[in-house]
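For reference, the structure is listed below as structure tokens.
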Amino acid sequence: MTATAPYRSPLGTAGRDGFARLVHAEWTKFRTVRGGPAGLVLAALLVVGLGLLSAAGSHASCSKGPVEVPCPVPPRGPGGEAVEDHFYFAHQPLSGDGSVTVRVSAMSGRIRLPDAVPGVRNVATAMTPWARAGLMIKASTRQGASYAAVMVTAEHGVRMQHDFTEDVAGLPGKVTPSTPRWLRLTRAGDTVTGEESADGVRWTKVAAVRLPGLPAQARVGLFAASPGDVRVSANAVGGSIVTSRFSEVTAVMDRLDVRGAGTGGAFALDDIGVSYELDGSPHHPGGFRESGGTYTITGVGDIAPLTVGSTVENTLAGAMFALVAVIVVGVLSVTAEYRRGLVRTTLLASPRRGRVLVAKAVVVLAATFAGSLAATAVTLPLARRVLAGNGVHLLPVSALTELRVVAGVAGVLAVSAVLALAFGALLRRGAAAVIAAVAAVLVPYVLATTSVLPEPVADWLLRVTPAAGFAVQQSIPEYPQVVGHHAPAGGFYPLPPWAGFAVLCGYAALVLALAVRRLNREDA
């Protein structure tokens with residue numbers, strides 16, 4: 001009796017093995033031709049060299065009057081992020097569970113404007129939209145300590161905020177003498193609940209939040225803060241000029257009711273985060289006074305994540321120049337064969353010509369990503385060390401965010417090289433393909449991030465062009481409760497990081513598909 005092996009079609013494995021052989025052949029071709037590896041080495045050197053050169057030339061300088069002093073390191077919040085923690089706090093100890101209730105009966109503010117008459121202070125009676133006052137429980141008076149607060153704002157109604165990054169909206173409306181707002185903050189273990197009321201009888205919960213690690217004895221009381229007044233004006237070419245002016249807020253509160261162990265007695269007063277002049281006096285101090293059960297508290301500053309400063313992606317600025325090098329590598333990887341007449345031999349090796357182009361794209365993508373990843377991974381920690389020696393501290397981010405920035409910048413370079421290869425296969429002319437790729441990726445990015453275009457146009461460019469891919473490098477997110485100018489020129493992109501990167505990948509896939517279609521429809 002003879003055993004017969006079952007028939008198996010060779011088509012599936014042959015296809016896979018055939019494509020693997022194509023990739024191997026294209027890799028051999030790529031690494032043995034000087035132009036490809038040399039271009040990637042140049043790109044890596046640009047990332048590392050320019051990143052370290054920029055770091056070496058960056059120095060932090062701070063002063064008190066005519067005296068230069070070391071720049072302070074920003075405090076960190078409970079999540080490890082850099083924060084701004086500057087406000088006026090009138091507080092009492094609270095041991096264990098308890099609550100505090102108050103009525104906010106009035107709010108007003110002042111904003112320092114440019115002097116209309118030299119030497120004459122120009123102060124307007126007004127509040128910034130995120131000027132706020134209310135109740136707070138805080139682990140300690142140390143900057144960056146965990147907290148929860150329920151508050152009334154100038155333009156955004158009642159809010160419940162905690163640990164700097166979190167914000168929950170309550171009811172809208174402004175505080176006036178005829179429309180006061182009641183606030184209540186209640187602690188039960190590590191859970192803090194914020195409530196609001198129009199009459200002190202019917203209460204509405206704004207939010208309940210957890211503060212892990214909140215100590216048995218915390219500080220509870222009244223607070224006020226007012227971020228700087230940010231104004232955006234147009235420059236001569238339609239870009240933006242951003243200025244920030246001093247502002248303060250004053251709130252009047254009454255009907256205070258504090259319940260819990262350890263409370264009672266006089267308030268302790270802390271102008272948290274205030275800076276001091278050379279003579280020891282506070283710069284723009286807040287204030288507090290009590291009269292007949294009415295409390296008036298004035299504060300400046302903000303309680304929010306810090307979004308302005310040197311970021312990890314700043315260390316990889318050399319990638320903009322490396323982009324040109326990888327574009328040239330991508331274009332030459334295909335147009336060189338047309339120029340030398342070798343493309344017919346290459347295409348004869350495979351009856352499905354489009355697969356050859358896809359194999360080239362896989363090789364260029366992998367080689368560019370590997371070289372760029374090595375460069376970005378080396379540059380960031382080295383540049384951070386150089387910057388720290390110069391007194392410049394990068395805004396801290398999580399390890400995952402840092403990994404995303406390092407890998408994302410390498411991914412932008414790699415996908416841009418594939419886009420350039422696709423343009424080369426589609427146009428068949430090296431110079432034209434390089435110009436097309438640079439115009440598609442680099443030019444919109446430069447125009448959008450250098451304040452030479454109106455912001456709506458800059459946002460549009462970073463949404464619908466391949467330059468959207470650069471969003472993957474944004475390390476500091478935009479927070480709606482943070483006063484600031486969140487524009488491309490400041491490192492903020494209109495699309496989320498991976499959504500922007502997906503736009504770039506979509507363009508590369510589209511142009512590559514068009515090039516494959518053309519190649520499959522014509523004679524070699």
Side-chain angles (χ1 to χ4, degrees), residues 23-24 26-58 310-333 359-389 394 396-421 434 437-438 441-442 445 466-467 469-475 497-498 500-502 504-505 508:
V23 171
H24 183 267
E26 291 300 327
W27 165 245
T28 301
K29 191 186 305 179
F30 182 84
R31 66 182 176 83
T32 54
V33 177
R34 291 182 179 179
L40 295 186
V41 169
L42 174 61
L45 290 176
L46 287 171
V47 172
V48 177
L50 293 178
L52 295 181
L53 183 63
S54 175
S58 299
S310 296
T311 58
V312 293
E313 60 265 34
N314 294 154
T315 66
L316 304 178
M320 298 303 101
F321 299 90
L323 183 63
V324 178
V326 301
I327 284 175
V328 173
V329 168
V331 169
L332 293 183
S333 66
K360 286 181 180 292
V362 169
V363 168
V364 168
L365 180 72
T368 306
F369 181 75
S372 301
L373 182 61
T376 55
V378 167
T379 302
L380 198 155
L382 290 180
R384 176 190 280 118
R385 182 174 300 180
V386 173
L387 287 168
L394 297 179
V397 295
S398 68
L400 286 177
T401 298
E402 193 165 299
L403 177 61
R404 187 247 298 163
V405 173
V406 168
V409 171
V412 168
L413 293 176
V415 176
S416 297
V418 172
L419 178 62
L421 177 148
V434 169
V438 169
V441 183
L442 188 57
Y445 174 78
F470 288 103
V472 78
Q473 69 179 337
Q474 180 178 326
S475 63
W498 291 118
F501 185 68
L504 173 61
C505 292

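Only heavy atoms go into these numbers, but all of them, side chains included; no hydrogens, no water, no symmetry mates.
- Annotation: R385, atom CZ; neighbour count of heavy atoms from other residues, nucleotides and ligands within 6.0 Å does not exceed 12.
- The two residues V363 and E26 have their closest heavy-atom pair at CG2-CB, 3.8 Å.
- The CG atom of L42 sits 12.0 Å away from the CZ atom of F321 when rounded to the nearest 0.5 Å.
- Nearest heavy atoms, L504 versus G469: CB-CA, 3.9 Å.
- Between L419 and A508 the shortest heavy-atom distance is CD1-CA, 3.8 Å.
- In this structure, the separation between CG on L40 and OG1 on T368 is 4.5 Å, given to the nearest 0.5 Å.
- When atom types are taken as modelled, the side chain of S54 and the backbone of L50 share no donor-acceptor pair closer than 3.5 angstrom.
- Under the 3.5 Å distance criterion, the side-chain polar atoms of R31 are left unmatched by any main-chain donor or acceptor of G36.
- Atom CD of E402 and atom CD of E313 lie 10.5 Å apart (nearest 0.5 Å).
- Side chain of T315 to backbone of V312: a donor-acceptor contact under 3.5 angstrom is found.
- Between F470 and L323, some side-chain heavy-atom pair lies under the 4.5 Å cut-off.
- Between the CD atom in Q473 and the CG atom in N314 there is a gap of 8.5 Å [rounded to 0.5 Å].
- Residues meeting the ring pair (Phe, Tyr, Trp, His ring centres under 6.0 Å) test with F501, sequence neighbours left out: W498.
- Using a distance-only test at 3.5 Å, with no hydrogens or angles considered, a donor-acceptor pair links the side chain of T32 to the main chain of K29.
- Counting heavy atoms from C-beta outward, F30 and V329 have side chains that approach closer than 4.5 Å.
- Separation of atoms CG (L380) and CG (L394) is listed at 7.0 Å; rounding is to 0.5 Å.
- The heavy-atom pair separating V409 from A319 by the smallest distance is CG1-CB, 3.6 Å.
- Taking every heavy atom of both residues into account, L413 and S372 meet most closely at CD1-OG, 3.4 Å.
- Note that CG of L365 is 10.0 Å distant from CG of L421, once rounded to the nearest 0.5 Å.
- Nearest heavy atom pair, residue S416 against residue V441, reads OG-CG1, 3.9 Å.
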